[in-house]
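So the structure is just underneath, and the comments pick up after that.
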Amino acid sequence: MKLWAGRTGGDVDERLSAINNSIGFDSRMYKQDITGSIAHARMLGRVGVIEKEDAEKIVEGLKGILEDIDSGKLEIDMTCEDIHTFVEGTLTERIGDAGKRLHTARSRNDQVALDIRMYLADAIDRLIGLAKVLTAAFCDVAEQHLETVMPGYTHLQRAQPITLAHWLMAYAQMLLRDIERLNDCKKRTLVLPLGSGALAGTTYPLDREYVAEQLGFNGISLNSLDGVSDRDFALELLSDLSILMVHLSRFSEEICLWCSWEFKFVTLADQFSTGSSIMPQKKNPDITELVRGKTGRVLGDLTTLLTAMKALPLAYNKDMQEDKEALFDAIDTAELSLEVLAPMLRTATFHPANMKKAAAGGFINATDCADYMVRKGIPFRDAYKVTGQLVKYCIDRGLTLDELPLAEYREFSLVFDEDVYEAIDLLTCVSQRRLPGGPAPEAVKATIEATRSKL
Ligand code: ARG
């Protein structure tokens, strides 16, 4: 029998239940549902909409239900329509008539909007915590590789020398912004919809501010239609998580690439690697492939909710029940991804020698060679051209710029001297780029410090 049996009999076809019931996924909001109801009941008692004694009975009853679910003493009945129905039904079973007064001046429309906001705010806290752990791992590993020279790439072609530390700290900066976005999203999530009723507010003299205060919300919604029917805070979280996952996915893609024999810049620890059932030699980076793959789910979750919302007339429509599975999936996926990457990174072994070899091979010091000529008075455009010819000359002879004898340099330009070798040494090239944000060891050190202080 349904909570809303009255106008209809409430004895519904099981196929309706199959599509209508949400307890299969909204049961995970039991804590938020109960906590929100406690705040609502306290307020109802305080403003005199219900008797003080009834309010107290309700609060005690709800606390008992929360405790019993937490401890496993009370099992959530999965045949109920939703978590709201289950909690209210159980309360009335336990405390009798007072329980029937809990839903005064409230609709499941403002109730579910409250629950989901509370759930998301909690999830945001967890996500920020995990993102900080991963950012700290980036900082710690970077600190060990301030002088580990590697090629920086554009178009996946060796471009200019950087360090492993510099590369790692790029991802740390992305995560810092992800954390900022999540913090910002939380501000707009913690706006209280309760008091919006089904759509048109309520005739009871509720104290909405008091409820907001009890629940740690920043304020109350100022339009009842908007309060029950917008999910922009949820879309914002899904957008933030999509961006976060795209960052993790790019990082994962590079790790996959680096694990290949062609690169061999990194080897993952055995406990974070997988094997093949047929090829005995295989050691696979499934972990980063999966983070990369799971990113698609989160982008899909964002699309799911955007699509569900895009043509909904005001105010509440049942389509909006579809928000939860998308949100929960995105949150679970992002949490899991953040959680696995931190220990994967900390236990990975990077191979500086292979990075150095790759760095030495791609003429990535050509820009520095041109800059050397500029320092000797040659206009950059001319220096660029001469260096290009030098590179071609070296490629034809199977040499690197470092190996080319000075006499041959001087056939291209008389500005070249012994000191050119020092100028194009890879570590010199990196160390010269010491502006804030550059790859020079001291600049990266400053970035690590600044990043740590933000954690
Ligand atoms: N399970 C519903 C949801 O998630 C709760 C709100 C139900 N409201 C209603 N008018 N049937 O959106």
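Counting convention: from 1, in listed order, for ligands and their atoms alike.
- No part of Gln111 comes within 4.0 Å of ligand 1, judged by heavy-atom distances.
- Between Arg208 and Ser221, the side chains place a donor N or O and an acceptor N or O closer than 3.5 Å (distance only, hydrogens not considered).
- Interface of Lys324 with ligand 1, defined as ligand atoms under 4.0 Å from a residue heavy atom, comprises 3 (C), 4 (O), 12 (O).
- Tyr316 OH, 3.4 Å is the protein heavy atom nearest to atom 6 (C) of ligand 1.
- On a distance-only criterion, Asn109 and ligand 1 share at least one N/O pair closer than 3.5 Å.
- Salt-bridge annotation for Asp232 and Arg188: absent, with no side-chain N of the basic residue lying under 4.0 Å from a carboxylate O of the acidic one.
- Under the 4.5 Å side-chain criterion, counting only non-hydrogen atoms from C-beta, Ile69 is in contact with Ile34.
- By the criterion of a heavy-atom distance under 4.0 Å, neither the backbone nor the side chain of Glu81 is placed next to ligand 1.
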Working for ring pair (Phe, Tyr, Trp, His ring centres under 6.0 Å), residues Phe86 and Tyr30: CA-CA 9 Å; Phe86 170 74; Tyr30 74 87; 9.1 Å; no
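- A cation-pi geometry, defined here as NZ or CZ lying under 6.0 Å from the six-membered ring centre and within 45° of its normal, holds between Arg117 and Phe233.
- Near Lys318, meaning under 4.0 Å from any of its heavy atoms, are these atoms of ligand 1: 11 (N).
- A cation-pi arrangement is present between Arg46 and Tyr210 under the rule of less than 6.0 angstrom and at most 45 degrees off the ring axis.
- If you check which protein heavy atom lies closest to atom 2 (C) of ligand 1, you get Gln321 OE1, 3.2 Å.
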